[in-house]
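To start, the structure under review is shown below, and the notes come after it.
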Amino acid sequence: MTAVRKNHPAAGYDGPPDYRVIGRHGVFPQTDHDEVERINYLAQMNRHLAARVVPGVKAAYAARVEPAFEAKNGRAIATRHEARKAMLEDPAFQTWSALRRMTMEQRQQAGRWTVIRQREELNAKAKELTEADPRLELDKSVKIPRYVSAIDHHCMPGSYHTEYCEGDITNGANYDHAGFVTTSGLLGKYSDGGGRAVAQWVKKNLPDFKPGKILDIGGTVGHSGLPLAEAFPDAELTIVDLGAPVLRYGLARAKTMGVDNVRFVQASAEDLSRYPDASFDWVQTTMFLHELSSSAMRNIFAETRRLVKPGGIVLHVEQPQYTPDMSYFEQAMRDWDAFYNAEPFWSRMHEMDLDGAMEEAGFERDWLVHGGVFGVVDRDLFPDAQEDETEDFGRKAAWHVIGALVP
Amino acid sequence: MSFEAALNEAGAKPAGKRPYFLEPQVERALAITMAVAQELAVARQRVDTLERLLVAKGVLSEGEVAHYQPDPVASAERQMWNQEYIARILRIVQQENEAAVLPDEASSGELVDELAVN
C-alpha cells in the first residue's frame, strides 16, 4: 500500500486497494461511481470470506466434521472427496460455500452489466483498433470442445467464446475489468501479476535465455502473455485461444498499452498444425491447464513438445498440486472451485503426476524444472501476495511452475 | 438498445447446473439478500461521496453530517420514516402473525370449488 503517516486512519488499513487504482487501457470499459463501488464491495466480500469466515470453516472441520465422520465410519477421513462430502453436511461449510458462490455470481452480473450497457461503443473501439490488422487471426471453423462448452468456467456466462453480435468483445471486457473481484487486487494494475512473475522467474533462472518466438497457449486477453512480450521486446509473442471475443479485445488492449510484438490467433491448442515443428523458443501456459480435460491436456502437452525448438523452454504455471503432505481439509477447500465454481478439471489436474505427463509427452525427466512464483505487482498500490498470510484456497497469487528445458 | 440487453443478459445463467448448499428456498432468499446488501453498500458509498464533495465545495463543513442534530419536528419525521420502513419490510411477519390466530381461514384456492358449487 502507499506509505501513509502513522496515526492516519489509512495506516491500519489491510485489504484490497480501491478499484480506482486499476489500469485503464484504451478498450477498458467505463465504470461509473456505483459500478466501481459494486466491485469494491465484492472484492471486500471475497476478502472477508477468506480472512474471517474460512477460519470458522476450518475450526468446524476439526470440531464437528471429523468427529462426526469418525463416529459414523469408525475411521478417519481418508480422501479429499470424503472431506468435502462430510463438510457439505456442516452449516459452516454450507454458509461459506453459498456466500462464495453468490459473490461470484454477483461479480459476473456486475461486470456484465457494465460491459453490456456500453457494448456498441466498446465493439466500435475494438473494430477501429483491430480491423485489417494481420495480428488478429480469427477462424470461425474452430470448434468449441466440450470441456469449454459444457460449463461456463468460473460461472462466467458465455465463457470466453460466446459472441452476442458481429465483432463482439463483451466477454473479453467482462473477464478483464472485473477479475479484480476474485483476487482482491492481488494480480495488480493490469491483472498481469502472473505474467510479470513468470518473466521475472525466467530472467532470474535462465539469464542467458533470449527467446525469439514465444507461444502463450490459452492466453485469453493477454493478462499473463503481454508481460512476456514486454520483458523480451525483441521477441514475437503469439497468443492462441479458442475465444474470438477475448482475442479481439486482447489485440485492442495490447495496442493501446503500447505492446506491439504480439499477435492473437484463434485456434484449439490441441491441434496447432498450422505451425511447423520447432516453431517456438518458449511455450507458456499460465493458469490454463485446470480448464482442460485429460485428453486435451495430453494433446496439448504433445503439441508443446513438437513446437518447442531445441534449446527452448516449456513452462506451465498453476496453483499447487495436491501432495501427501497437504491436509485433506486444504485439498477439499482447493477442490471447491472444481465442484462449485464450474472448473471441473481442476480436481483431476491437481492430483495428476505432472512430471509423468511431461515425460509421456516426450520430455525427459532430467529436463524438467520446478519452481514457485508470487504475483508481481506495483507495490505502492497493490497488496503483495508474498506478504499476505490470508489463504483463499485456489485464488491466491502464489503458483507453482513446472516446465522443461529442452536441450 | 444496450440498456434492454443489459437488463436481459447481465444476470444470465452460466452453462452448467447450479449447486445448492442450503435448502433451495433458503439459498434463494439468501442470494436476494446478499444482492440487496451489495446495493446498500453501493448506496452508502454514494452518500459518502456526496458528503465529501459538499465538504470540498464548502457547502458542508467537516463532521456536519456526523454531528447533525435534527430539530424536534425533523426528528419526529425521521423516526416515523424508520417505523414505516420497518413495517414495510416486515410485512410478512405481521401477516403470518395475524394468520396464526385465524386457523379456520380458507385460501382462495380452497374457495374455488366451494363458490362454484354454492
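A, B, ... follow the sequence lines: proteins, then strands. Residue 1 opens every chain.
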- Task: Quick one: sort the A:Tyr340 and B:Phe21 rings into parallel, tilted or perpendicular, breaks at 30° and 60°.
- Result: perpendicular
- Message: Are more than 12 heavy atoms, taken from residues, nucleotides or ligands other than A:Arg24, located less than 6.0 Å from that residue's CZ atom?
- Response: yes
- Can you find a pair of side-chain heavy atoms, one from B:Met34 and one from A:Met45, that are under 4.5 Å apart? yes
- Item | Contact winner vs chain B - A:Pro344, A:Gly111, A:Ser149, A:Ser97, heavy-atom pairs under 4.5 Å | A:Ser97
- At a heavy-atom separation under 4.5 Å, does A:Ala342 approach chain B through its side chain, its backbone, both, or neither? neither
- Query: What pair of heavy atoms forms the shortest contact from A:Phe339 to B:Pro19, and how long is it?
  - Reply: O-CG, 4.5 Å
- Begin with the C-alpha distance, continue with both residues' side-chain angles, and end with the deciding distance and a verdict on salt bridge (Lys or Arg N to Asp or Glu O under 4.0 Å) for B:Glu27 and A:Arg101. CA-CA 11 Å; B:Glu27 186 143 341; A:Arg101 169 85 189 195; over 6 Å; no
- Excluding sequence neighbours, so at least two apart, what forms side-chain contact (heavy atoms from CB on, under 4.5 Å) with A:Ser294? A:Arg298, A:Phe345, A:Arg348
- Task: Count the heavy atoms belonging to other residues, nucleotides or ligands that lie under 6.0 Å from CD of B:Glu64, then report whether that count exceeds 12.
- Result: yes
- Do B:Arg46 and A:Glu37 come close enough that some side-chain heavy atom pair is under 4.5 Å? no
- Task: Identify which of B:Ala31, B:Pro14, B:Ala35, B:Gly16 forms the greatest number of heavy-atom pairs closer than 4.5 Å to chain A.
- Result: B:Pro14
- May I ask you to list the residues in residues 151-166 of chain A that approach chain B closer than 4.5 angstrom, counting heavy atoms only, ordered by number? A:Ile151, A:Asp152, A:Cys155, A:Met156, A:Pro157, A:Tyr164
- Message: With a sphere of 6.0 Å drawn around CZ of B:Arg18, does it hold more than 12 non-hydrogen atoms of other residues, nucleotides or ligands?
- Response: yes
- Message: Is it the case that over 12 heavy atoms from other parts of the model lie below 6.0 angstrom from the OH atom of B:Tyr68?
- Response: yes
- Can you establish whether the number of heavy atoms outside A:Gln30 located under 6.0 Å from its atom CD is more than 12? no
- Task: Please step through side chain to side chain contact (heavy atoms under 4.5 Å, CB included) for the pair A:Gln109 and B:Gln38, ending with a clear verdict.
- Result: CA-CA 12 Å; A:Gln109 184 178 30; B:Gln38 166 189 288; 5.9 Å; no
- Note on the structure: Sorted by chain and number, sequence neighbours left out, ring-ring contact (aromatic ring centres under 6.0 Å, His included) with A:Phe28 holds for A:His25
- Message: Within the structure provided, determine whether A:Ile116 and B:Leu7 are in side-chain contact (heavy-atom separation under 4.5 Å).
- Response: no
- Query: If you look at every heavy atom in B:Ser2 and A:Arg119, which pair is closest and at what distance?
  - Reply: OG-N, 4.1 Å
- Residue pair A:Asn40, B:Gln45: steps toward the side chain to side chain contact (heavy atoms under 4.5 Å, CB included) verdict: CA-CA 10 Å; A:Asn40 277 337; B:Gln45 298 290 15; over 6 Å; no
- Message: So for B:Leu22, is it side chain, backbone, both, or neither that comes closer than 4.5 Å to the heavy atoms of chain A?
- Response: side chain
- Message: Counting only heavy atoms from other residues, nucleotides and ligands, does the tally under 6.0 Å from CD of B:Glu62 exceed 12?
- Response: no
- Taking only residues two or more places apart in sequence, or in another chain, which ones meet B:Glu23 in a side-chain contact (heavy atoms from CB on, under 4.5 Å)? B:Gln25, B:Val26
- Message: Report which part of A:Gln44 has an atom under 4.5 Å of a heavy atom belonging to chain B: side chain, backbone, both, or neither.
- Response: neither
- Item | Structural part of B:Ala43 lying under 4.5 Å from a heavy atom of chain A | neither
